[in-house]
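Throughout, residue positions are numbered sequentially from 1 according to the sequence presented. Note that the structure is a prediction, hence the values are computed from the model and not measured.
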Amino acid sequence: MNMSTTTTLKFYWRTSSPSCQGPILFLLQNNISFQELKFDPQTLQNRTDDSYAKLNPNKTVPLLDDGGFIVMESHSILRYLVDRFTPDSYWYPKELRERSRIDQFLDWMYNNTRRSFQEVLSLFFSWPDPSKRPKIVQQQIEDLLFGSEADWAFQLISGFKSQFKLVQDYWLTKSPFLVSQHPTIADLAFWGDTKFIQIVFTNMDINSNFPVLKKWIDRMDSLFAHFPSSKSFIQTLETLSIQFNQGGFPKERTFRPVYDSDIRFDSNSHQPSMRK
């Protein structure tokens with residue numbers, strides 16, 4: 001990574017954040033010179049740093065600063081980087097239908113797997129006392145979450161399996177990557193989330209339950225897991241996995257979720273239905 005003081009491109013990120021993985025992988029894979037500004041994942045410094053809040057009022061990561069032009073949101077950053085540095089590449093082709101396929105996946109991902117992912121993290125880390133979290137031993141996650149007392153938040157979490165099944169049965173049926181024969185920004189965006197679920201939430205057992213998705217993860221790992229940022233990310237996930245398996249999910253929700261969705265999962269049919 002070129003850390004030259006002449007570099008005007010600055011990338012703010014956090015090692016533990018799955019949404020940061022796509023943009024930093026794109027920067028590294030394409031040998032783009034940038035200054036790395038990394039927040040401490042333990043202190044969540046990006047939430048308390050007043051100078052960062054002036055750049056990003058949402059106080060979230062990642063963020064790209066291109067000579068004073070600010071780009072927030074990981075998918076927007078990926079699109080911007082392609083058009084800025086590799087406009088004629090396979091990462092985000094200019095051909096209308098190819099680009100549309102990528103946009104369709106990114107929009108679907110944001111409204112489905114990314115929201116489920118954010119909700120599951122909120123549920124786990126909002127539980128104040130890890131010693132009181134019930135352990136998950138053998139049963140699948142939805143066995144714990146579904147039941148007469150289960151509310152929509154828990155139902156949304158169990159929707160992960162339906163979402164991963166759709167990725168496997170629809171997006172990965174015609175090509176080795178999500179939308180084409182080559183990795184695109186859709187693959188980069190999705191890799192961080194799936195690695196998190198694969199390593200931390202082992203009870204979902206992606207490797208056995210979703211073999212086609214597992215092969216996609218292996219392809220992505222072979223291309224991108226060697227970067228220092230990826231190694232740090234995976235090491236962080238392995239630590240979180242230990243914490244999660246010692247604690248498990250809370251049985252009751254004690255907070256109001258930050259993220260909502262237009263889709264919930266009916267606890268009886270396990271099928272998606274529109275929120276009234």
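- Classification of the F196-F233 ring pair by plane angle, with boundaries at 30° and 60°, yields tilted.
- Between atom CG of residue N46 and atom CZ of residue R14 there is a gap of 5.0 Å, rounded to the nearest 0.5 Å.
- In terms of heavy atoms, K59 sits closest to A53 at CE-CB, 3.8 Å.
- For the atom pair I77 CD1 and L188 CG, the distance stands at 13.0 Å (nearest 0.5 Å).
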Side-chain donor-acceptor distances from residues 19-26 under 3.5 Å, at least two apart:
{"unit_1": "S19", "atom_1": "OG", "unit_2": "S17", "atom_2": "OG", "d": "3.0"}
{"unit_1": "Q21", "atom_1": "NE2", "unit_2": "S17", "atom_2": "O", "d": "3.0"}

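- Across every non-hydrogen atom of L223 and Q29, the tightest pair is O-OE1, 4.0 Å.
- Residue I199 forms a side-chain contact (heavy atoms from CB on, under 4.5 Å) with just one option from T194, L240, I234, and that option is I234.
- Inter-residue side-chain proximity for P87 and K94 is flagged as met; some heavy-atom pair is nearer than 4.5 Å.
- To the nearest 0.5 Å, atom CD of residue E36 and atom NZ of residue K10 are 14.0 Å apart.
- When every heavy atom of A189 is checked against every heavy atom of M109, the shortest pair comes out as O-CE, 3.1 Å.
- Nearest heavy atoms, S74 versus R114: OG-NH1, 3.8 Å.
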*Decide side-chain contact (heavy atoms from CB on, under 4.5 Å) for F69 and L64; before the verdict, give the C-alpha distance in whole Å, the side-chain angles of both, and the deciding distance to 0.1 Å.*
CA-CA 8 Å; F69 181 76; L64 185 73; over 6 Å; no
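- Taking all atoms of both residues into account, the shortest heavy-atom contact from P93 to R99 is O-NE, 2.9 Å.
- Contact annotation: the side chain of T60 never approaches that of M72 to less than 4.5 Å [non-hydrogen atoms, C-beta and beyond].
- When all heavy atoms of N209 and Q168 are compared, the closest pair comes out as O-NE2, 4.4 Å.
- Here the CG-CD1 distance, from L78 to I185, works out to 5.5 Å after rounding to the nearest 0.5 Å.
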_Candidate pair Y92 and T86, rule side-chain contact (heavy atoms from CB on, under 4.5 Å), full reasoning_ = CA-CA 9 Å; Y92 192 43; T86 62; over 6 Å; no
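- Listed by first then second residue, pairs satisfying salt bridge (Lys or Arg N to Asp or Glu O under 4.0 Å) with a partner in residues 166-191 read K165-D169, not counting sequence neighbours.
- Judged as a ring-ring contact (aromatic ring centres under 6.0 Å, His included), and not counting sequence neighbours, F177 has no contacts.
- Side-chain contact between K195 and I217 is present, with at least one heavy-atom pair separated by less than 4.5 Å.
- Residues satisfying the salt bridge (Lys or Arg N to Asp or Glu O under 4.0 Å) test with D49, not counting sequence neighbours, are none.
- Listed by chain and residue number, nothing satisfies the salt bridge (Lys or Arg N to Asp or Glu O under 4.0 Å) test with R101 (two or more places apart in sequence, or in another chain).
- Checking side-chain atoms of S230 against main-chain N and O of H226 turns up no donor-acceptor pair under 3.5 Å.
- By the salt bridge (Lys or Arg N to Asp or Glu O under 4.0 Å) test, R219 pairs with no residue at all, sequence neighbours left out.
- Considering only residues two or more places apart in sequence or on other chains, T202 meets the side chain to side chain contact (heavy atoms under 4.5 Å, CB included) condition with S241, N245.
- With sequence neighbours left out, the side-chain hydrogen bond (donor to acceptor under 3.5 Å, both in side chains) criterion links K214 to D218.
- Here the straight-line distance linking atom CD of Q35 with atom OG1 of T8 works out to 10.0 Å at 0.5 Å rounding.
- Atom CH2 of W13 and atom CG of L27 lie 11.0 Å apart (nearest 0.5 Å).
- Contacts classified as salt bridge (Lys or Arg N to Asp or Glu O under 4.0 Å) and involving residues 63-76 (residues at least two apart or in different chains) are given here: D66-R84.
- Partners of N30 under the side-chain hydrogen bond (donor to acceptor under 3.5 Å, both in side chains) rule, at least two apart in sequence or in another chain, are W91.
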*Would you check, one step at a time, whether the test side-chain contact (heavy atoms from CB on, under 4.5 Å) holds for Y12 with N56?*
CA-CA 10 Å; Y12 296 79; N56 184 354; over 6 Å; no
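- Taking the six-membered ring where tryptophan is involved, the planes of F160 and F164 are essentially parallel, since the angle between them stays under 30° and well short of 60°.
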*Under the side-chain contact (heavy atoms from CB on, under 4.5 Å) criterion, do L178 and V167 qualify, and how do the steps go?*
CA-CA 8 Å; L178 290 169; V167 171; 3.9 Å; yes
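- Side-chain atoms of W216 and W171, non-hydrogen and from C-beta on, never get closer than 4.5 Å to each other.
- With sequence neighbours excluded, no residue satisfies salt bridge (Lys or Arg N to Asp or Glu O under 4.0 Å) with K215.
- No side-chain donor-acceptor contact under 3.5 Å links Q235 and T239.
- By the ring-ring contact (aromatic ring centres under 6.0 Å, His included) test, F224 is found to be paired with no residue, residues two or more places apart in sequence or in another chain being considered.
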